[in-house]
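First the structure, in the form of structure tokens, and then the observations on it.
Throughout, protein chains are lettered first and strands after them, A, B, ... in sequence-line order, and every chain is numbered starting at 1.
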Amino acid sequence: MIDVQTLTFFAFSGLLLLSAGGVVFSRHAVSSVMFLILCFLCSTVLWLMLHAEFLGLALLFVYVGAVMTLFLFVVMMLNVKIDATKARLLKYFPFVLVLGGGLVTMLWLALGPDAFSIKKTGVLAFSEHYNNTRAIGEVMYTQFVIPLELTAGILLVAMVAAIALTFRGSQQRRVQDTPKQLMASKANNLRIVSMASEHEGGE
Amino acid sequence: MIGLAHYLVLSSMLFVISFIGIVINRRHLIVMLMCVEMMLLAVNMHFVAVSQYFHDISGQIFVFFILAVAAAESAIGLAILVLLYRCRQTIDVESIDQLKG
Amino acid sequence: MGIHEITLLTIFAPLLGAIVTGLACRVWSNQAAHSMTIGGVAVGLMSALYLAHWTLIAHPGFSDNWTLYTWASYGSSHFDVGFLLDGLSAIMLVVVTFVSLLVHIYSIGYMEEDPGYPRFFAYMSLFTFAMLCLVLGNNFLVLFFGWEGVGLVSYLLIGFWFKKDSAAEGSLKAFLVNRVGDFGFLIGIALLLSYVGSLDYAEVFTKAPALANLTISVIPGVVWSLPTLICLMLFIGAMGKSAQVPLHVWLPESMEGPTPISALIHAATMVTAGVYMVARMSPLFELSDVALTTVMLIGSTGALMMGLVGIVQHDIKRVIAYSTMSQLGYMMAANGVSAYALGIFHLTTHAFFKALLFLAAGSVIMGMHHDQDLRHMGNLKKYMPWTYAVFLIGTLALVALPPFAGYFSKDAIIEAVFLSTLPGAKYAYVCLVLGAFVTSFYSFRALFLAFHGKERMSTHQRDSLHESPWVVRVPLLLLALPSVIIGAVLVEPMVYSHAGFLSHGEITVLPNHDVMTTLHHHFDGVWHLVEIAPQGPAFWATLLGLGFAWIAYIKAPALPNQLAASCKVCYQVLVQKFGFDWFYQEVIVKFADSTSQVLYKRLDMGLIDGGIVNGSGRMVAYVAGLMRRLQTGYLYHYALIMLLGLVAMVTWFMLRHYHIG
Amino acid sequence: MGTFLIANKVLLPEMLVFLMSLLTLMAGVFLPTRMRESSALVFAQTALWGAIALAFWGMLAGTVTLFSGTVVVDHLAFTLKVLSYVTASGVCFYAHAYLKAMKMPVLEFYVLTLLSVLGLSALLSANHFITLFVGLELMSMPLYAMIALRRHRSDCLEAALKYFVIGAMATGILLYGIALLYGATHTLGFPDVANAIPVAMHGHHLLMSFALVFITIGIAFKLGIVPCHMWLPDVYEGAPTIMTMMVATLAKIAALGMLLRLLVSVMPALFAEWQPLLMVLVVLSLFVGNVTAVKQANLKRLLAYSSIAQLSYLLLGVFTGTTAGYSAAMFYLATYVLTTLAAFALIMCFRREDGEEAVDIADYAGLFQHHPWHAVMFAIVMFSLAGMPPFVGFIAKLQIFQALLQTGPFWLVIYALLLTVVAAYYYIAVVKVMFFDESQTPLRKVSLGLGNGLLTLNALGVVMLGVQPSGLLTWLSL
């Protein structure tokens, strides 16, 4: 008999794999992005089923909220026309499929029910007072303070790098240069041009 | 009942799909980057599941860091991508073959 | 000055000359350049003579093993820069510095108009330094340093006329073939280092007997005894350096370099480094019959085969080059039957007469305006009497007619191989006796073609033919003298004396390999040796070769006319004589000629040179091209390779896990 | 409190580097324009040399484990850290004039370099997979970005993109390997994992083998060996030379650090698995690297293939599974880094007539006639890479082979040495072109500023360490 949990798991994991396929195979980059967002949504559900609330929501916020928006933004900005002829799959697609199938099978052998059956791992059980966020927070700033600091460094790198790479320099900005304004003088701003006087004989 | 094996196999499938995605994709570079994100999602799935089933929180901490790092990574990746597009007016995977041999 | 200081002086005087000349080569005159380097080498020779006198005559059995400084040490192993002066190295010292000095002097005349004159002298002195390091080192590290050093300078000097394409290619080939040798040599050294834990000769030789029972798995399933493997690896190095079959292909190519270089490096000194090394490593080689047999077989095969190839060469330098390879084969064969002293003795005599031959050939080449083709020469004795005289002396020494130098060494080698009990010794003996015939044939062929017979040069060449200047002739004469007497002088102390130069532990021979003791019993004074010459087959083989060469290249040109005029019935004797001539001309010469041609074209040029050396080169290049094409530049291909690798490895582990395959 | 003081002391180098990178960033904002670039160099050098001094000071405390075992400072971390600081300092010196000439943003370069070194340093000190991962990313991301800093050059951007995509993939694979290992051991601290592996061998042997494969592939990317070598020639060729230098040195230090940490310290129980795995990788990479290099016309590409080969010799040392082998690999890495620095610095010295960098081997024809000293330095570098005495490359190879001969298999020695013959061919071919070929159009030499003197020192170092390697050998032995 299938309980709700099982049903939910299979529904969402099926959807997850389908949308993963969608990311790979869809014709347009925009739909790929959408499929990826769907992937993340399904994962969030699955993680919530695991009682990993904090990460599930973080995934939603960080990925769907920020990263995928960035992707979408870039896709829209570049707006690349895909040549229809190139949309075909590669010649060696069947070969890759065999490779992938083999890999999944072998991983199944190592990870499947033989290795991690319920008998061996037990059911997912937490005490009533389990608080996922607290559990994470308890070690995040104690044991893992060094990686946390380093992650700050990574974010700094991302910021510096992204700015250094894409910032096109000041020549495109229109800024007020106060010293320059104050230094303005008649001599270098005003040009007196001598011209022949207007013809007066028109009257 | 849903056991750990379900999650692990699911994550392995997701991993292989994203790997295949990188290998067979010859259109949009950006899809490659998305496949990398998906690969990391598979890894995260694995970590979260093992962490929860064995009550070891460090797996989830790892996921947290992976999320943060992956976000930063995609920022840099997209920056390079945009630059390349400006330079060549294309981000076809097949056109990125100036360096070879 | 103590012995240490004089040893250092011997080594570093040439280096000093090389460095100063090399640094100042742009601003100095030619005069200053050659004075500096010749001065350096002359100092080297003087001190080498002193050392030789000290070691060999004043204090027989003197051996001085000392460390200059420790290069590197870590853990239990230490690398030293140290020197070993004993009878063996003293003999080599004198040979190297003497030939080097004469070649330096000779080069004043030979390189006169070359724009790279100072550079040339700097390289030659540098070479001398490296060679001295090789000879004097007391451990494998210094040996290897000298070994690579001489290789490097040889490479620079072959490519000296680098504007000639063939020279640049010749130098690259020389370098590569030597690398193949060096790689074997390095494995040998590395094996010693890891099993003995030291690179010091003394230590290695003391501990070597303990290795005798160790074995090593070369490839899964094939187990070799350790000493055999070490010796074979070291011998591969010797094969590369001493141009043994099949690693000889670089030596003919190296003749593209200036002739003094051919004399110094590719005849007298560097190419004998392998022979010296094998003799030096005698305590190791004695441990392995397999290695000794290999050395003997390869040496004797080369002695015959390279001689045969020499018959069909038209370039005068190449004839001598092939003769060098053949003679190196003799030396190696001597080492192979544990007659190391004979190997070194032949090395010594050979150094003098081969340098003489090369320099004389250089003199001819100068006279002929750098035309080296024997077919364009003829009757040069009229124009270049001095050169003719010394070339003749060199040839007589080379073909080993008594009492010239080569006789004493070569005949004894043939004798020693005859006495050997190693498997295959009979084959080696036959090869060497036939080799004596072949040597004689091609040597006199070259002599007759160049100096006798009809004049075949162009009128332009004939008009300007002249004897070489004194600066060229003096070294020739100074080399001609030892080429005559050195054998007779040295044969007793080096080979037949129980208290001789090399009988104080310089070389080690196990009793069951000892052929020299038997040879000692036959010895009864130098002149007795000359008297008994006709008792050996080699003497007659030599004379036969001389006779055939004479018939074919002096007598034969008139042959057709005489045949036409002769009466078949009346002049039976005459006919028979001509019949013999005909038989000789049509069967023997043609047969020998075609065999040599086949050897040269098919085996030497075709299989070994083209097939193995160039072939492997081509294969590498082909595969490289293929690999390059794999590098398509497409990201998805790169990812695919990763996926492939991943899946392959995962599959492998899965199969391993389930014990499949 | 005591722990905190020790923590302070041994982590001071990293703190200094982080602080100085921030200061450099601030310098870009607050200092007048003309002082910015030189002050950035001063900051960077202060950070690196200060970090070296502090690292030596901190090492007096011996091996220290910190933050509930997420960070460790031991001899391995210490030596490789010092090596990476020295390397980065050299890179900064070489970079200064080059950056201006190539119109690359100078300040960002120094900031990113310092942050990258910080990441590397954290990676080397990692005692926990999380620290390892974060350090690895902090090290790699600046490299991706810096390659793209010549942002108008499409080849640089292509190189950056390829490096980035393959790098991100490799990170994914590495992480998946870690995840698999986590699945088997339920723990992420190195000592815990090392303890848990023998226990988990019973139920999860296959799983751990797979984890090993994934992790090895992840490291193989950093090492640039088969099957993750394809990106390497493209990146070496396309990247600005200063970045090629960095990828060729800093990333390799990280790779060896990871290799020794993960395979040797964390997975010694899986030795029977990873040894054959490394053997296959070595055999393939030696072949691919050495053979493909033969046909290269581009010097940077040639050095790329040569690096594939060089790194597989290093891997041979790890393959042996003995302390002697690991020490040999450490020494090999140090010498490789030293020689590589000189090689790329030499390339940075020359421009073609049109102002482009001279990267084709043919450009260097007859270099000896016009710039003899540089040609000699090139020869020193090439001979050292080819493993000839008396240069340091010889000692390094000797160490490796000596260690390998102790454990065997013998055919691997023969195979590796045979390929050194092939290697000698292409290295010598370069020297031949420089010394013996006719020069077409003479190259223009540009000054490296402070780097000029350093280059000479660097090339002489290749000789000096070959003649006197004892000190470094002792210091680097594990």
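With a threshold of 4.5 angstrom between heavy atoms, A/L46 approaches chain B through its backbone and through its side chain. With a 4.5 Å cut-off on non-hydrogen atoms, A/I136 touches chain B through its backbone and its side chain both. Proximity to chain B (any heavy atom under 4.5 Å) is restricted, for A/V67, to the side chain, taken from C-beta onward. When heavy atoms are compared at a cutoff of 4.5 Å, A/T151 approaches chain B solely by way of its side chain, counted from C-beta outward. Proximity to chain B is absent for every atom of A/A66, based on heavy atoms less than 4.5 angstrom apart. Within the 4.5 angstrom heavy-atom criterion, only side-chain atoms of A/F54, from C-beta onward, approach chain B. Of the two parts of A/F9, only the side chain, counted from C-beta on, holds a non-hydrogen atom closer than 4.5 Å to a non-hydrogen atom of chain B. Heavy-atom distances place both the backbone and the side chain of A/L17 under 4.5 Å from chain B. Looking at A/L150, there are no atoms closer than 4.5 Å to chain B (heavy atoms on both sides), in backbone or side chain. Contact annotation for A/M159: neither backbone nor side-chain heavy atoms come within less than 4.5 Å of a heavy atom of chain B.
Between chain A and the residues B/I61, B/V69, B/L81, the largest count of heavy-atom pairs under 4.5 Å involves B/I61. Interface remark: of the candidates B/I30, B/V82, B/L33, B/I30 forms the most heavy-atom pairs closer than 4.5 Å to chain A. For the options B/I76, B/L78, B/I17, heavy-atom pairs under 4.5 Å to chain A are most numerous at B/L78.
No donor-acceptor distance shorter than 3.5 angstrom exists from the side chain of B/Q60 to the backbone of A/L55, with no hydrogens or angles considered.
For the pair A/Y63/B/E37, a side-chain contact is recorded, criterion being any heavy-atom separation below 4.5 Å from C-beta on. You'll find the side chain of A/F116 stays beyond 4.5 Å of the side chain of B/H6, heavy atoms only.
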